[in-house]
Amino acid sequence: MLHTSTKTPTGGFSFENTRRNAVLEANLSEKGYSAPNARKTGTTIAGLIFKDGVILGADTRATDDMVVADKNCMKIHYIAPKIYCCGAGVAADAEVTTQMMSSNVELHSLSTGRPPLVAMVTRQLKQMLFRYQGHIGSSLIVGGVDINGPQLYSVYPHGSYDKLPFLTMGSGAAAAISLFEDRYKPNMELEEGKQLVRDAITAGIFCDLGSGSNVDLCVITEKAVDYLRGYDQPVQKGLREGSYRYKPGTTAVLTKTVIPLTLDVVDESVQVMDTE
Amino acid sequence: MNEMSVNGEWRSSKVSTGTTIIAVRYDGGVVIGSDSRASMGEEYVSSRVINKVIQIHDKIFCCMAGSLADAQAVTNAVIHQLSFHSMQMDEPPLVQSAAAIMRSFCYTHRDELSAGFIVAGWDRKRGPQVFQVSLGGMIVEQEFTIGGSGSTYIYGYADAKFKPGMTREECLTFTTNALSLAMDRDNVSGGVVHLVIVTEKGAERQLIPGNKLPVLQRLA
């Protein structure tokens, strides 16, 4: 009988290298270095349901520990024609999770022959995140319009979900939710809703270190989707007040000494590079 | 202010239901109640209106406590399995069947899950019943039961005030008072009170907003 020598991959995460990584990290920290961290999006994301649909909002800063890695990243991802998803947490996890969901939703929708439901997207997301027990660090706000009307769900990294008329997530969630708790009303008009989401994200941008740069909005209604990239830029780069250029000759030269360095050629060798 | 709130560790913690849940049996049915707060870490309330009393069949409900992700996943699996069981038996399921299915999930996956439940409802064979399905998969039938982190503050009240043979109105008062007291003292329980009354005729939901809860002690 013929046996294959390779083991079939079991899926999920492999934690084989954790002990080796721990030893390496200990060695590095002895010398004063630290191991690289996964890039997180910091982030303020928010969503609300208004009269005709859903408005999603996000900031555009991606951080690498305390350095801004990307000043203008896109955190509102496409899932289906009328369903979009904002992602917070580990940037790679949020990006890849939403891309996988988008392709799954397309296949599912082709096999059912119907446009996808927001509840279906949420269910697939939460089942996947629960299966990975929180090791996929992405928090998501899923919003869209389907046959049941406008809907908004939040999905947490460990796999729990919430269905609410307004939601915020990410490191700036506490700042943004304060705006929503104060000014949210059911059945708001479009402009009022856009202003409120913009204000909530701006609160996150100003009051949270992990969020910054611009406000992106995405308005989803029965009729159309309006992706407003760079809707607002609450923070302008400061202009320098004075000029720091000096005229040549500002610094007076007092003395000038020239010391020639006498060098002898000791060895000369030619190495031919094989360029074929 | 402790170190955890300075570092904002709530951002990376699991959502837990904090919680106070309670179920009481009376002659004609059961009264089930819960608070409505979901917390992350000890400082951030991720949802102030979450409903922890989930309908798992027409006349059977369950209350969730513990990790929200685990509780939601188990509840969805139980709803699915219970509806299938009910179709196979061609009759509405017994409350003890629902509790048994819930228990088998909690026990089989006891090392991975961190969620406890109260299963309560009405069936034709034994009438109103209340079961507690705890974290490791223990199942106990009781006249009344309390659960969740907030329950520790009301054991004394519940034991003193409960009497067998209460009427429906007395049960509602008992449940509402117990939940108010727990929500007052426990930082991870709060919000509104969700109540469900299950009888032979069906299930009736009630909601008591935070400002309409009974105030049992004036502090000033």
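By convention in this document, chain letters (A, B, ...) are assigned in the order of the sequence lines, proteins followed by strands, and residues within each chain are numbered from 1. The model shown is predicted, which means the values in this text are computed figures rather than measured ones.
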Asks: For B:Y155, does the OH atom have more than 12 heavy-atom neighbours from other residues, nucleotides or ligands under 6.0 Å away?
Replies: yes
Asks: Check whether more than 12 heavy atoms from other residues, nucleotides or ligands sit under 6.0 Å from atom CG of A:L209, and answer yes or no.
Replies: no
Asks: Please determine whether the number of non-hydrogen atoms from other residues, nucleotides or ligands lying under 6.0 Å from atom CZ of A:R114 exceeds 12.
Replies: no
Asks: Identify the heavy atoms of A:G159 and B:Q72 that sit nearest to each other, and give their distance.
Replies: O-OE1, 4.2 Å
Asks: Taking atom CD1 of A:I147 as the centre, report whether more than 12 heavy atoms of other residues, nucleotides or ligands fall under 6.0 Å from it.
Replies: no
Asks: In terms of heavy-atom proximity below 4.5 Å to chain A, should B:V45 be classed as side chain, backbone, both, or neither?
Replies: neither
Asks: At a heavy-atom separation under 4.5 Å, does A:K163 approach chain B through its side chain, its backbone, both, or neither?
Replies: neither
Asks: Only pairs of heavy atoms separated by less than 4.5 Å count here; which of A:G137, A:S160, A:A174 has the most with chain B?
Replies: A:S160
Asks: Using non-hydrogen atoms only, which part of A:Q127 is less than 4.5 Å away from chain B: side chain, backbone, both, or neither?
Replies: neither
Asks: Please report the shortest heavy-atom distance between B:E112 and A:Q133, naming the atom on each side.
Replies: O-OE1, 4.0 Å
Asks: Search all heavy atoms of A:D162 against all heavy atoms of B:S47 and return the closest pair with its distance.
Replies: OD2-CB, 3.4 Å
Asks: Is B:N76 in contact with chain A via its backbone, its side chain, both, or neither, using a 4.5 Å heavy-atom distance?
Replies: side chain
Asks: Does any heavy atom of chain B fall under 4.5 Å from the side chain of A:I177, the backbone, both, or neither of them?
Replies: side chain
Asks: Kindly determine whether A:F130 and B:D70 satisfy side-chain contact (heavy atoms from CB on, under 4.5 Å), including the steps that lead there.
Replies: CA-CA 8 Å; A:F130 183 74; B:D70 294 347; 3.0 Å; yes
